[in-house]
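Before any comments, here is the structure.
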Amino acid sequence: MEKLRHLIAQKARLEVAMQMMDTDAQFDSEDGRRYAQALVRLVLIQMQIEEIEKEAAHK
C-alpha cells in the first residue's frame with residue numbers, strides 16, 4: 001500500500017505541474033515536449049495505480 005500512496009502523490013504533483021504548463025505549446029518546442037513527457041508519465045502512473053488496485057481486489 002505504500003507504493004500506492006507514493007504513486008497517488010506523484011500523480012497529484014504531476015497534475016499540478018501540468019496545470020501550470022502551457023497546454024497550447026507546439027510539440028516541437030521545449031514547453032510542448034515537457035508537457036508531452038509529463039502527460040506520458042501521468043498515464044503510466046495511472047496504469048500502475050489501476051494495476052495495484054486490480055491486484056488488491058483479487059485478494
* To do: List for me each residue that meets side-chain hydrogen bond (donor to acceptor under 3.5 Å, both in side chains) alongside R13, sequence neighbours excluded, and say none if there are none.
  =>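 side-chain hydrogen bond (donor to acceptor under 3.5 Å, both in side chains) check on R13 returns nothing, list empty.
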
* Partner residues of R33 under the side-chain contact (heavy atoms from CB on, under 4.5 Å) criterion, sequence neighbours left out ->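 Partners of R33 under the side-chain contact (heavy atoms from CB on, under 4.5 Å) test: E30.
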
* To do: Grab the two heavy atoms, one from H58 and one from K54, that are nearest each other, plus how far apart they are.
  =>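 In this case the closest contact between H58 and K54 is ND1-O, 2.7 Å.
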
* Asked: Linking I/L/V/M/F/W/Y whenever any side-chain heavy atoms sit under 4.5 Å apart, do L39 and I8 land together?
  ->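 Per the 4.5 Å side-chain linkage, L39 and I8 are co-clustered.
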
* Would a hydrophobic clustering, with Ile, Leu, Val, Met, Phe, Trp and Tyr connected at side-chain separations under 4.5 Å, put M1 with I45? ->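 Cluster IDs for M1 and I45 match.
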
* Above 12 or not: heavy atoms from other molecules or residues under 6.0 Å from CE of M21? ->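 It does: M21 CE has more than 12 such atoms within range.
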
* Asked: Within a reach of under 6.0 Å around CD of E55, are more than 12 heavy atoms found that belong to other residues, nucleotides or ligands?
  ->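 Counting other residues, nucleotides and ligands, CD of E55 exceeds 12 neighbours.
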
* When you check the side-chain N and O atoms of Q19 and E15, is any donor under 3.5 Å from an acceptor? ->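 Note: Q19 and E15 side chains miss the donor-acceptor criterion.
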
* **Identified side-chain contact (heavy atoms from CB on, under 4.5 Å) counterpart of L7 within the set Q46, Q48, M47** =>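 In the set Q46, Q48, M47, the residue that makes a side-chain contact (heavy atoms from CB on, under 4.5 Å) with L7 is Q48.
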
* **Straight-line distance of R5 CZ to Q10 CD, nearest 0.5 Å** =>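 Here the rounded value is 14.5 Å.
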
